[in-house]
Every structure is written in C-alpha cells, then in structure tokens.
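Note on naming: letters A, B, ... go to the chains in the order of the sequence lines (proteins, then strands), and numbering restarts at 1 for each one.
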Amino acid sequence: MFELAGHNGLGRNVVLNKMFFEHKSAKEMSDNINSKTSPKNWDRVIMHVDMDAFFAAIEIRNDPSLKGKPVIVGGPADKRGVVSACSYEAREFGVHSGMPMARAQRLCPDGVIIGGSLEMYGHVSTQMIKILLDYTPLVEPVSVDEAFLDVTGSMKIWSEPLSHAPLRLARDLKKRIKENLDLTCSVGVGQSRIIAKMASKLEKPDGLTILSRKRYRELFAQKPVSVLWGVGEKTAHALNRMKIITVADLIEFPADQLIKRMGKSAIWLKTIAKGDDTGKVHALDHLPDEKSISHETTFAKDSTDLEYLRTTLLALSVKVARRLRRSEFLAKTVSLKVRSDSFKTITRDKTLSQPTDDQTIIFKTAFSLLPEEFRGKVPVRLLGVKADSLVKRNDLTQLSLFTHGPDSHNQSMSKLNKTIDSIKERFGDSSVKPGTLIR
DNA sequence: TCTGGGGTCCTAGGACCC
DNA sequence: TCTGGGGTCCTAGGACCC
C-alpha cells in the first residue's frame with residue numbers, strides 16, 4: 001500500500017485503503033484525489049461489496065470463542081465434502097474454498113470444522129442487501145456475499161468536496177455493515193463493474209480501494225492474464241500459447257487475430273483487460289429472470305443400486321419442481337447429470353412437449369434419460385436434475401396484471417419484500433450468476 | 001489429495017424449415 | 001445432377017465463478 005501511496009506525488013493516484021486512512025491526513029488525501037482522474041469527473045461510480053470470509057466470519061461472530069482460530073466451513077470429509085469458506089487463520093495453512101475437506105484437515109489438523117447453515121447465511125445476506133439499499137436502489141447481488149451498487153446518483157449527498165463522495169459513502173457503508181452485522185467487507189470503487197470487482201479484491205480483508213481506469217491499467221498491466229475475472233486455467237493457457245502472458249500483452253494483441261483464435265470471448269477479454277465494460281447494475285427488483293433451476297447430490301459412496309438411484313432422482317425432482325412452482329416458472333427442458341466413479345460427467349436433456357412444474361413429469365423424464373451403463377453396471381458418484389429453458393407461468397397462461405390488487409403502493413411494497421425474500425431462494429445456497437457481471 | 005452445489009454463457013453439429 | 005444460405009431448435013459438453 002505504501003508503494004501505491006508513493007504515487008501520490010504524481011497527483012494521480014486514487015487508490016486508498018484502510019492503511020491509507022489511518023496514516024494520511026484529510027489534507028493529504030484531498031491533494032491526492034485532486035486530479036483529472038478524480039472520481040468527481042467519473043461518468044459512473046460503481047461499487048463492489050464483497051463480504052470477508054463470509055460463512056466463516058458469521059460462525060465466528062456467533063461464537064466468539066472461535067475468534068483467532070482456523071475456522072473451516074464445509075461438508076464433512078467422510079462424505080466427500082469440500083471447503084466452502086474459511087477464516088484467514090485457516091488460509092495461513094494453505095486451506096482455501098473448493099478444496100476437498102480431507103485435504104484441508106490434513107493441512108490444518110487443529111482447524112475447527114463447521115457444517116454451517118446455508119439458511120442462516122442467506123438470512124444474513126438479506127440483511128446485508130437491505131443495508132446496501134439505503135445507499136441506492138441499484139443494488140445487484142452477485143452471490144450470497146457480494147453485490148454491485150451503482151451510486152452515481154447518490155454522489156451529491158456525500159460531498160463536500162465532491163471528489164471525496166465515493167470515499168465517504170464507502171466508509172459509511174462499511175461502518176454500517178460492521179455496526180449492524182458485526183462483519184467486515186471489502187469495497188472496490190471504479191467507473192465500471194469490472195474495475196470495482198477487481199478493486200475489492202486488492203485490499204482484502206476489510207479493504208477499501210478506489211481505482212481510476214488509468215490506475216487500473218497501470219496496476220494490472222504487468223500481471224498475468226489469469227488475474228482477470230473470467231480468465232481461468234484453460235483460457236490462460238490458450239492465451240499463453242499465443243504469447244499473451246500479461247494483461248498488457250492482451251491489450252496490445254491485434255483484435256482480429258484474437259477473434260479468430262478465441263471466438264466471441266475475444267471481445268470480452270479485451271474489454272476486461274482495459275476495464276472498459278459498460279455493463280449496467282440492475283435494480284434489485286429488475287433482475288434478469290433466472291435461466292435454470294437445478295439440484296444435485298454426490299453420494300458418500302458410489303452406487304450401482306438402481307432403486308437407490310431412482311429414489312434419489314425422485315427426491316431431486318421434487319426439490320426442483322417445488323422451486324419452479326414457488327417462483328412461478330415452467331420448464332421446457334429437463335436435464336439429467338451423472339458423474340461416474342471415475343469422475344467422468346455426462347449430461348442428457350430432453351425438451352418436453354409441454355412446459356411443466358410437475359415433479360412426476362420431471363422425474364420420469366430425468367429417469368428415462370439415465371443411460372443403460374449406469375443402471376447397475378458403472379458405479380454412480382453424483383446425480384443431478386435441472387429444469388431449463390424456463391418460462392413464466394403468467395406469460396404462458398396469459399394471466400394479466402389485473403389479477404393483482406388495486407393499491408399500487410401496497411403492491412410495490414409487497415413486490416419489494418417478495419424480491420428481498422427471494423434473495424435467499426436465489427442466492428442463499430451459495431449460488432452465483434457470474435454472467436450478469438459481464439453481459 | 002481426491003475432487004460440492006448452484007448457477008451463466010458459449011460452441012458445435014445435426015435437424016428442420018424457408 | 002449437384003447443390004444455396006440463413007435461421008432456429010435440440011442436444012452434449014465445457015469453461016468459469018462463488
């Protein structure tokens with residue numbers, strides 16, 4: 001951070017964090033921000049709020065005796081569980097989310113393993129969103145523990161001077177989350193979603209980073225392409241084979257050649273490299289409709305027992321159908337997912353003659369898609385059922401708006417409440433919709 | 001070391017239609 | 001007798017994210 005602060009003399013650095021606040025006076029800060037990259041001249045002010053070690057932090061908050069200990073939240077090792085979140089103390093041992101619990105336990109034998117409650121995390125997530133809504137109606141959850149905010153319209157309230165408005169707002173927001181939820185978050189601020197998103201990661205935990213587009217480019221130019229959001233292992237390798245190693249390489253690489261090699265994603269890769277994305281932050285009650293609803297389960301032990309597989313598929317179908325009905329969707333397509341003992345995963349799907357939310361139809365369709373080799377021969381590790389190509393029931397049955405009450409205020413209130421309630425349904429199970437960040 | 005669960009988006013071939 | 005081009009749907013698989 002002091003390295004970044006070292007750029008202050010150039011009058012262009014707008015990277016700030018908690019260290020910065022503690023060590024710099026208001027005067028120094030205003031000198032720092034007072035430049036042509038000042039947030040005051042931004043066309044948009046986007047924030048990304050990312051809760052720190054969310055599940056683990058909630059567990060520690062609820063049981064202070066866990067404070068300072070390596071806390072690991074996830075499924076049990078003997079049921080092939082993985083880590084879904086862990087405290088920073090656990091990370092010191094090399095534990096991270098997505099890691100098999102068996103391995104985490106070996107790395108961190110004294111770690112406190114907690115199964116956790118997705119329902120409770122969803123509840124806290126809802127509380128967090130409610131706080132964020134006090135700053136702007138444009139709050140778009142990305143997952144249980146993350147959201148984008150477009151606070152462009154809120155800037156005037158947080159002046160004077162205007163150049164400090166994003167900083168003041170972000171500090172206030174962090175303070176309120178700390179006071180109300182007793183949790184910390186990291187906030188990234190920038191002129192686009194991608195900049196805000198990348199910025200929030202920089203000073204975790206309890207960070208606050210404001211990044212101009214210029215500074216964003218300076219900061220990431222020499223970093224490997226894999227730091228970019230959306231560039232995973234495979235894409236990084238593909239780019240590396242084209243001699244594209246750093247973010248700067250990606251920016252400089254001729255667009256037409258990149259499109260030839262990478263297809264459509266080339267455009268997006270260039271965009272994130274430059275921090276130029278124009279993606280809007282959706283208002284909470286105008287989120288794009290869900291595209292699919294699915295449930296899957298991994299068995300504690302692989303199974304060749306067809307009756308067991310049937311029962312499991314039925315249970316999964318019931319869960320999927322229930323969610324379809326609750327959210328008033330019908331599915332045009334039913335999809336089955338099977339993972340074998342050798343970890344090979346296949347999917348089979350079928351488009352129905354009539355869209356449905358009926359568990360029996362979903363189950364029968366899913367079961368009929370189960371290939372012969374998995375009916376007693378090849379051991380099955382995982383089964384999944386997905387409802388796809390969703391349509392709103394109302395769109396289909398032509399039920400009109402008139403069926404709702406006449407009181408427009410109550411109507412919009414209940415709509416908002418319903419929307420907030422549905423966050424848990426939609427995001428409370430650590431699901432995400434990464435696509436909305438981009439497209 | 002033995003790899004969860006819930007999502008989104010993209011690609012690609014073949015069918016089918018105009 | 002050889003031969004269009006475009007559009008959309010269906011199905012399977014894969015990359016990626018949290």
Side-chain angles (χ1 to χ4, degrees), chain A residues 48 50-51 53-55 73-85 94-107 115-116 118 121-122 125 141-147 197 200-201 226 228-239 262-269 272 287-300 302 316 319-320 323 332-353 369 371 381-390 424-439:
Chain A
H48 180 251
D50 195 351
M51 301 300 292
F54 193 48
F55 297 173
V73 180
D78 60 0
K79 285 185 156 181
R80 316 209 256 208
V82 300
V83 176
S84 49
V95 178
H96 56 79
S97 54
M99 173 183 281
M101 188 61 83
R103 174 140 192 255
Q105 275 180 293
R106 236 169 290 126
L107 288 172
L118 292 175
Y121 305 148
S125 179
V142 191
S143 67
V144 247
D145 64 339
E146 270 179 63
K197 170 88 182 165
S200 68
K201 264 208 268 291
S226 57
L228 294 172
W229 193 94
V231 177
E233 201 184 345
K234 307 278 177 179
T235 306
H237 271 113
L239 292 171
M262 307 288 298
K264 261 189 187 173
S265 63
I267 314 277
W268 172 245
L269 287 170
I272 50 170
L287 295 181
D289 278 343
E290 292 154 287
K291 305 282 191 298
S292 66
I293 289 174
S294 68
H295 285 282
E296 62 186 59
T297 185
T298 293
F299 304 133
D302 301 338
L316 291 168
K319 283 167 90 173
V320 168
R323 280 184 57 198
K332 283 199 266 194
T333 305
V334 172
S335 166
L336 171 78
K337 177 169 165 181
V338 187
R339 179 170 293 154
S340 69
D341 58 341
S342 63
F343 217 72
K344 184 178 151 54
T345 309
I346 61 141
T347 59
R348 294 287 179 271
D349 57 72
K350 188 172 185 340
T351 301
L352 305 168
S353 52
L369 288 167
R381 178 192 178 92
L382 167 151
L383 282 180
V385 174
K386 175 157 77 164
D388 223 331
S389 304
L390 305 185
K424 191 162 59 184
E425 183 80 19
R426 238 171 123 165
F427 300 102
D429 38 22
S430 78
S431 62
V432 279
K433 13 179 336 170
T436 57
L437 176 68
I438 313 171
R439 289 151 189 121

Whole angstrom value for the distance that separates P of B/dT3 from CZ of A/F299:
15 Å
For the pair made of NZ in A/K332 and C1' in C/dT8, what is the distance, rounded to whole Å?
12 Å
Taking CG from A/L383 and P from B/dG6, how many angstroms apart are they, rounded to a whole number?
13 Å
Distance, rounded to the nearest Å, where A/M99 contributes CE and C/dC18 contributes P
17 Å
Identify the heavy atoms of A/S389 and A/T333 that sit nearest to each other, and give their distance.
OG-OG1, 3.3 Å
Output the rounded distance in Å from CG (A/D289) to C1' (B/dG7).
15 Å
Give a yes or no on this: more than 12 heavy atoms of other residues, nucleotides or ligands lie within 6.0 Å of atom NZ of A/K201.
yes
Do the side-chain N and O atoms of A/S292 and A/S294 include a donor-acceptor pair separated by under 3.5 angstrom?
no
Using a strict cut-off of less than 4.0 Å between a Lys/Arg side-chain nitrogen and an Asp/Glu carboxylate oxygen, indicate whether A/E146 and A/K197 qualify as a salt bridge.
yes
Does OP1 or OP2 of B/dT3 have a side-chain N or O of A/R339 closer than 4.0 Å?
no
Produce a footprint string for nucleotides 9-15 of chain C: one letter per nucleotide, 5' end first; B if the base is under 4.0 Å from any protein heavy atom, S if only the sugar-phosphate is, - if neither.
-SSSS-S
To the side chain of A/R103, which of B/dG4, C/dC18, B/dT1 is closest?
B/dT1
Interatomic distance where CG belongs to A/L316 and C1' belongs to B/dG5 [whole Å]
11 Å
With respect to the side chain of A/D145, which nucleotide from B/dG5, B/dG4, C/dC18 is positioned closest?
C/dC18
Whole Å only: how far is the CH2 atom of A/W229 from the P atom of C/dC17?
7 Å
Would you say B/dT8 has OP1 or OP2 under 4.0 Å from some side-chain N or O of A/S292?
yes
Distance between C1' atoms of C/dG4 and B/dC16 (Å, rounded):
16 Å
Of A/P100 and A/E296, whose closest DNA chain B nucleotide lies nearer the 5' terminus?
A/P100
Measure from the side chain of A/S294, starting at C-beta and using heavy atoms only, and say which of B/dG5, B/dT3, B/dG6 lies closest.
B/dG6
Respond yes when some side-chain nitrogen or oxygen of A/R106 is under 4.0 Å from OP1 or OP2 of B/dC2, and no when none is.
yes
Please determine whether a side-chain nitrogen or oxygen atom of A/H295 lies at a distance below 4.0 Å from atom OP1 or OP2 of B/dG6.
yes
Where each residue is assigned the nucleotide of DNA chain B containing its nearest heavy atom, which of A/I293 and A/R381 is assigned the position nearer the 5′ end?
A/R381
What are the two closest heavy atoms between A/L269 and A/M262, and how far apart are they?
CD1-CE, 4.0 Å
Electrostatic pair A/D302:A/R339 at N-O distance under 4.0 angstrom:
no
What does A/S335 touch in the nucleic acid at a heavy-atom separation under 4.0 angstrom: a base, only the sugar-phosphate, or nothing?
nothing
Touch class at under 4.0 angstrom, heavy-atom based, for A/V231 against every strand present:
sugar-phosphate
With both distances kept under 3.5 Å, what pairs with C/dG13, Watson-Crick or G-U wobble?
B/dC10
Aromatic stack A/F343/B/dC2: centroid gap under 5.5 Å, interplanar angle under 30°:
no
For residues A/A85 and A/F55, report the shortest heavy-atom separation together with the two atoms involved.
CB-CB, 3.7 Å
Which pair of non-hydrogen atoms, one from A/V320 and one from A/A387, has the smallest distance, and what is that distance?
CG1-CB, 3.7 Å
What is the distance from CG of A/L118 to P of B/dG7, rounded to the nearest Å?
12 Å
